[in-house]
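Shown next, in structure tokens, is the structure this report addresses.
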Number of protein chains: 2
Amino acid sequence: MTGAERRGDVAGVGGVLVALADPTRRRLVDLLAAEGEVTATALAERLPVSRQAIVKHLAVLDAAGLVSGRRVGREVRYALRPAALDATARWVVSLAARWDRRLATVKRVAELARPDEG
Amino acid sequence: MTGAERRGDVAGVGGVLVALADPTRRRLVDLLAAEGEVTATALAERLPVSRQAIVKHLAVLDAAGLVSGRRVGREVRYALRPAALDATARWVVSLAARWDRRLATVKRVAELARPDEG
DNA sequence: ATTGGGTGCAACCAGATAGTTGCACAAAGC
DNA sequence: GCTTTGTGCAACTATCTGGTTGCACCCAAT
């Protein structure tokens with residue numbers, strides 16, 4: 001079970017945005033996308049920060065539902081979970097669509113307000 | 001000219017993610033989407049924060065390319081700019097697609113690694 | 001000309017965040 | 001058994017951030 005699931009907001013878009021707002025966390029998810037299942041210690045070797053920093057970042061990603069870790073012997077392997085990102089992608093796209101619709105309306109209204117130019 | 005354009009990174013996805021990570025800023029863009037062109041003072045009347053806080057948030061949104069303001073007499077009216085959000089929507093969608101592709105590959109590889117189950 | 005609403009700037013504050021180090025503990029390997 | 005290797009927990013620090021207040025300035029309207 002992931003942190004987000006434990007808190008019952010797998011689809012929490014805000015958390016995903018916060019998680020992806022940090023460049024180190026974006027690099028982290030890139031690495032996870034490239035390598036599949038990776039341990040925090042292994043990730044720390046590829047980034048210029050300590051293992052503890054990585055662990056904290058993974059906790060944020062986990063809370064956002066973007067990542068989850070499973071224990072294998074003495075190590076914990078982290079992997080991506082696409083659901084929360086999918087939900088966020090839908091959210092951003094629909095927001096962009098609303099903006100476009102809104103701006104189209106504004107433009108139309110502006111044209112109506114200047115009948116001599118129409 | 002907007003802040004983001006001044007700095008030459010209209011497509012800066014990181015800035016957009018940072019901007020949208022804050023709930024007050026999300027409410028702000030919602031209000032702007034609903035009302036078109038609004039002044040910072042007017043926005044401050046609808047949110048439980050001071051005008052100065054709104055101005056700072058608008059500066060962040062402007063730097064991300066999500067918003068721009070134009071001066072009309074003694075007031076400054078802010079409005080949405082869809083370009084940066086469109087770019088970010090494309091980024092998130094393509095990231096989600098890459099994740100899905102990646103996880104499909106991992107699954108396929110896992111199945112190949114267990115030939116007795118195939 | 002003076003008054004008033006809107007903006008811009010600066011200082012300041014509290015809490016969050018990204019990072020560190022140090023150490024204790026658990027699981028593998030010799 | 002002992003040693004190694006990876007994890008987990010805690011304390012601590014510095015910087016960032018979201019918020020405030022106070023004040024000066026500009027523009028418009030009476």
Side-chain angles (χ1 to χ4, degrees), chain A residues 1-4 6-7 12 14-32 35-64 66-79, chain B residues 1-4 6-7 12 14-32 35-64 66-79:
Chain A
M1 193 186 284
T2 78
R6 239 184 315 274
R7 293 180 11 254
V16 173
L17 291 172
V18 169
L20 292 182
D22 183 81
T24 300
R25 281 191 293 264
R26 284 198 297 276
R27 293 212 54 199
L28 230 28
V29 299
D30 280 349
L31 285 173
L32 286 170
E35 315 207 3
E37 242 188 353
V38 197
T39 186
T41 305
L43 288 167
E45 286 165 6
R46 324 222 162 184
L47 291 185
V49 297
S50 72
R51 175 186 62 95
Q52 288 304 327
I54 301 281
V55 170
K56 286 191 191 177
H57 283 308
L58 286 171
V60 173
L61 291 167
D62 177 41
L66 293 171
V67 135
S68 78
R70 75 177 230 272
R71 178 133 224 158
V72 177
R74 71 178 157 187
E75 61 189 25
V76 179
R77 302 189 189 151
Y78 291 87
Chain B
M1 191 187 282
T2 78
R6 239 185 315 273
R7 293 178 14 253
V16 173
L17 292 172
V18 169
L20 293 182
D22 183 81
T24 301
R25 282 193 290 267
R26 285 198 296 275
R27 293 211 53 199
L28 229 29
V29 299
D30 279 348
L31 285 173
L32 286 170
E35 316 207 2
E37 241 187 353
V38 197
T39 186
T41 304
L43 288 167
E45 287 165 6
R46 324 222 163 183
L47 291 185
V49 296
S50 71
R51 175 185 61 94
Q52 288 303 328
I54 301 282
V55 169
K56 284 192 193 177
H57 283 308
L58 287 171
V60 174
L61 291 168
D62 177 39
L66 293 171
V67 136
S68 79
R70 75 177 229 272
R71 179 133 224 157
V72 177
R74 70 180 157 190
E75 61 187 23
V76 179
R77 302 190 188 148
Y78 292 87

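A, B, ... follow the sequence lines: proteins, then strands. Residue 1 opens every chain. Everything quoted here is computed from the prediction, not taken from an experiment. These numbers come from the heavy atoms of this one structure, side chains and all, not from hydrogens, waters or symmetry mates.
- The interatomic distance linking Leu58(A) (CG) with dG6(D) (P) rounds to 16 Å, in whole Å.
- We find the OG1-CD1 distance between Thr24(A) and Ile54(A) to be 7.5 Å, quoted to the nearest 0.5 Å.
- When atom types are taken as modelled, the side chain of Arg51(B) and the backbone of Ala44(B) share no donor-acceptor pair closer than 3.5 angstrom.
- Atom-to-atom, CZ of Arg74(A) to C1' of dG29(C) comes out at 8 Å; the value is rounded to the nearest Å.
- Listed for the Thr39(A) side chain is no donor-acceptor partner under 3.5 Å among the backbone atoms of Arg77(A).
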| request: For Leu32(A) and Leu66(A), run side-chain contact (heavy atoms from CB on, under 4.5 Å): C-alpha distance rounded to whole Å, both residues' side-chain angles, the deciding distance at 0.1 Å, then the answer. | output: CA-CA 11 Å; Leu32(A) 286 170; Leu66(A) 293 171; over 6 Å; no

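- Side-chain atoms of Arg26(A) come within 3.5 Å of backbone atoms of Leu20(A) as a donor-acceptor pair (strictly under, hydrogens ignored).
- The shortest heavy-atom contact between Ala79(A) and Glu37(A) is CB-CG, 3.8 Å.
- The nearest whole Å value for the distance from the CG atom in Leu43(A) to the P atom in dG6(D) is 13 Å.
- In this structure, Glu75(B) places its CD atom 13 Å from C1' of dC26(D), rounding to the nearest Å.
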| When every nucleotide of nucleotides 14-25 of chain C is labelled 5' to 3' by its protein contacts under 4.0 Å (heavy atoms), B for base, S for sugar-phosphate only, - for none, what sequence of letters results? | ----SBBBB---

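- Across all strands, Arg77(B) comes closer than 4.0 Å to no nucleic acid atom at all (heavy-atom distances).
- Here the side chains of Val38(B) and Leu31(B) are not in contact, with every heavy-atom distance at 4.5 Å or above.
- The two residues Arg46(B) and Arg27(B) have their closest heavy-atom pair at O-NH2, 4.4 Å.
- Axis orientation changes by 20° from one end of the helix from dG6(C)-dC25(D) to dC30(C)-dG1(D) to the other, with each end axis drawn from 5 pairs and the value rounded to 10°.
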